[in-house]
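The next block holds one structure in the form of structure tokens; read it before the comments.
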Number of protein chains: 2
Amino acid sequence: MLQEIAEQPAALEKTITEERSKVERLGQFLRKRGVNLIVLVARGSSDNAALFGRYLLETMTGIPVSLSAPSVHTLYNAKLKLQGALVIGVSQSGEGEDINRVLENCRHAGAYTVGITNEADSTMTGVVDETLLMHGGRERSVAATKTFTGQMMLFHMLAHSLGEANTSSNNTNVRLAFEAIPEWTNRALALRPQIERLVERYVFMENCVVVGRGLLYANAYELALKLMETCYVVAERFSSADFLHGPLAMVERHFPVILFAAPGRTSESAKILLERLQELHADTLTITGDAELAKLSTRSIALPNEIDEFHAAIPYIVPGQLFAALLADAKGLNPDAPRSLSKVTRTL
Amino acid sequence: MLQEIAEQPAALEKTITEERSKVERLGQFLRKRGVNLIVLVARGSSDNAALFGRYLLETMTGIPVSLSAPSVHTLYNAKLKLQGALVIGVSQSGEGEDINRVLENCRHAGAYTVGITNEADSTMTGVVDETLLMHGGRERSVAATKTFTGQMMLFHMLAHSLGEANTSSNNTNVRLAFEAIPEWTNRALALRPQIERLVERYVFMENCVVVGRGLLYANAYELALKLMETCYVVAERFSSADFLHGPLAMVERHFPVILFAAPGRTSESAKILLERLQELHADTLTITGDAELAKLSTRSIALPNEIDEFHAAIPYIVPGQLFAALLADAKGLNPDAPRSLSKVTRTL
């Protein structure tokens, strides 16, 4: 897992180089065709990448996005009206049976289908109209890392390409400069020695809450999943807004909360949450490039301030991945082979 | 909270009587107008009701549903393309600022907007094109119960009315007989003495996982939220499919898992999960009308077998509500006034 985490800058670089022209052509084609709805279909870590894709695509293209509920298709056999829809399946292996079944259903219903996968010869590539590939090589650890950031990179590229004609359709005035992300990811990797020292403090943590918002909401899901599968920590995940609606009651003195917060439009809500958590004497660990937020936290992991929230998801998940892998190691667990799991999970 | 739980059959009955003709007219109007997308906007318990609405509406009407990400509107100011969309806001108080802001945005973008609320004179009712009301009276407990099932009832009625012309558009061949639900809810209330004895066993439970699938997936979210806010238990929530993708690694001998499973199309996946959990020596509590699933569980709470999964969400959440309220009581906590919370949470 640690080796695959370290491979990410090169893997991301390669994905940009190899897929760039294909994604640009796809974006052109789809803009011409017209897309009135984007549906994302995934499970596990891929579903967390899709959650990120949802925020980025809606914000950058103005096209509404729905995260698919596979059982609506696979168990209830509903036939959805999907004329004009773009349906994107995300699967590391391309062998998730339920995901592929949903993609087939949607294609039948008139949707244009795209697969995002690591395997060029998978079942998924045979099912969809177009495939986008991650180029980081086979992933051996059960805990997904480089395929997760590869999927997020393809969402950046697709949002850029699909949204190109649409910068006026949103008020973000943001142009995605995804080419900078591999280098920022590299800088995030330099945090490893600091995180190696830090994890000792969390060796006996049994449960925690991971919080993120907006474009970093999916990071909370992904770190929580990594903590569950590699460290066996009962890790909840919330947006900072949802966390205040009820779950906050769980927080007692010393309760651990891990927060992702990049400088930008979500900073204010992160600040409000951290102040509230300070009153409750919670134990907070903030992954942030914002010095003020770091100061409000019990501990923090500092990322470069210049990484804005539209480009933060990938570099910010790296300290999370390192935290989970190194904490597993400190606990004497093997993060590459979590108990009870195998690399491809088959569900319907 | 216990009193409001007990009021639910009468409240549901009243909601059916008072709103029935309005919902039917609304369904007729929307079928004529044409709806290509339904967007649901909510937070907290209302968001759990929306999650249920998502499965029911997609299955019964074939119209794709998206659960809104409020921050896309409130923080990133994205303007979504929503011509032809039906946008439904769900809020007990009708005063959630972020929800109302999203509704305004969507109405501007050309969507038809509906509010589901308990307060006829709230800000929400002034923002939307049409309001559907719960009729159970003011809710005093911070933990939502009768407003939650009221919201779910209105989703049943709306799915029935919107889907009426569409029974051929899905393969479910199900007609919603929501009139039976108040009586089934009444029968679920009779489980109280059994649950009162049962909760003693869970007084020292610090964390747990709650699982549901398909039309009962939202019940897992809602019970987990109730356990977090009234019992301060760190309660995770998953679909049985997602649970197998990673989080299963957390499960060690005696780990508590609570499962909702109604007889029907999700039974098979519940069975697979329970068998896997038996191998891992987990401690399972299953809320089910299926005797075979009950037999595979460490403990179970039995609902009438005749309640099929399309009508199960409301009667099945009742034992969950009772479990949370009575467990809080057994722990010496006051479920009506969870620490750190107030009835209306303001977030942007």
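Chain naming here is simple, since letters A, B, ... match the order of the sequence lines and numbering starts at 1 in each. As the structure is a computational prediction, the values presented were derived from the model and not from experiment.
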[X] to [Y] - nearest heavy-atom pair and separation:
X         : Y         : value
Ile99(B)  : Val41(B)  : CG2-O, 3.8 Å
Phe310(A) : Asp308(A) : N-OD1, 2.8 Å
Ala249(A) : Arg339(B) : O-NE, 2.6 Å

Need one label for [X]: side chain, backbone, both or neither, based on atoms under 4.5 Å from any heavy atom in chain A.
X         : answer
Val209(B) : neither
Val39(B)  : neither
Phe243(B) : neither
Leu82(B)  : side chain
Arg276(B) : side chain
Thr230(B) : neither

Select, from [options], the one with the greatest count of heavy-atom pairs under 4.5 Å involving chain B.
options                                    : value
Leu227(A), Asn36(A), Ile272(A), Val251(A)  : Val251(A)
Pro247(A), Gly264(A), Pro338(A)            : Pro247(A)
Glu279(A), Glu268(A), Glu236(A), Glu309(A) : Glu236(A)

Between Val234(B) and Glu206(B), is any pair of side-chain heavy atoms under 4.5 Å apart?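 No, side chains not in contact.
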
Do the non-hydrogen side-chain atoms of Leu280(B) and Arg253(B) ever get within less than 4.5 Å of each other? no

Is the terminal nitrogen or CZ of Arg265(B) (NZ for Lys, CZ for Arg) located under 6.0 angstrom from the six-membered ring centre of Tyr76(A) and within 45° of that ring's axis?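 Ring-cation test returns no.
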
Exercise answer: donor-acceptor pairs, residues 214-226 of chain A side-chain atoms, under 3.5 Å, sequence neighbours excluded:
from	atom 1	to	atom 2	distance (Å)
Tyr217(A)	OH	Tyr221(A)	OH	3.4
Asn219(A)	ND2	Ala313(A)	O	3.0
Glu222(A)	OE1	Ser45(A)	OG	3.0
Glu222(A)	OE1	Asn48(A)	ND2	2.9
Glu222(A)	OE2	Ser45(A)	OG	3.1
Glu222(A)	OE2	Lys226(A)	NZ	2.9
Lys226(A)	NZ	Ser45(A)	OG	3.1
Lys226(A)	NZ	Ala144(A)	O	3.2
Lys226(A)	NZ	Glu229(A)	OE2	2.9

Where does Arg54(A) contact chain B at under 4.5 Å (heavy atoms): side chain, backbone, both or neither? side chain

Gln83(A), part contacting chain B, at a heavy-atom distance under 4.5 Å: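 Neither the backbone nor the side chain of Gln83(A) comes within 4.5 Å of chain B.
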
Pairwise distance CZ(Phe52(A)) to CG(Asp47(A)) - rounded to 0.5 angstrom: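 If I round to the nearest 0.5 Å, the distance is 14.5 Å.
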
Closest-packed option against chain A by number of heavy-atom pairs under 4.5 Å, given Val233(B), Leu37(B), Asn207(B), Val65(B):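 Heavy-atom pair counts peak at Asn207(B).
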
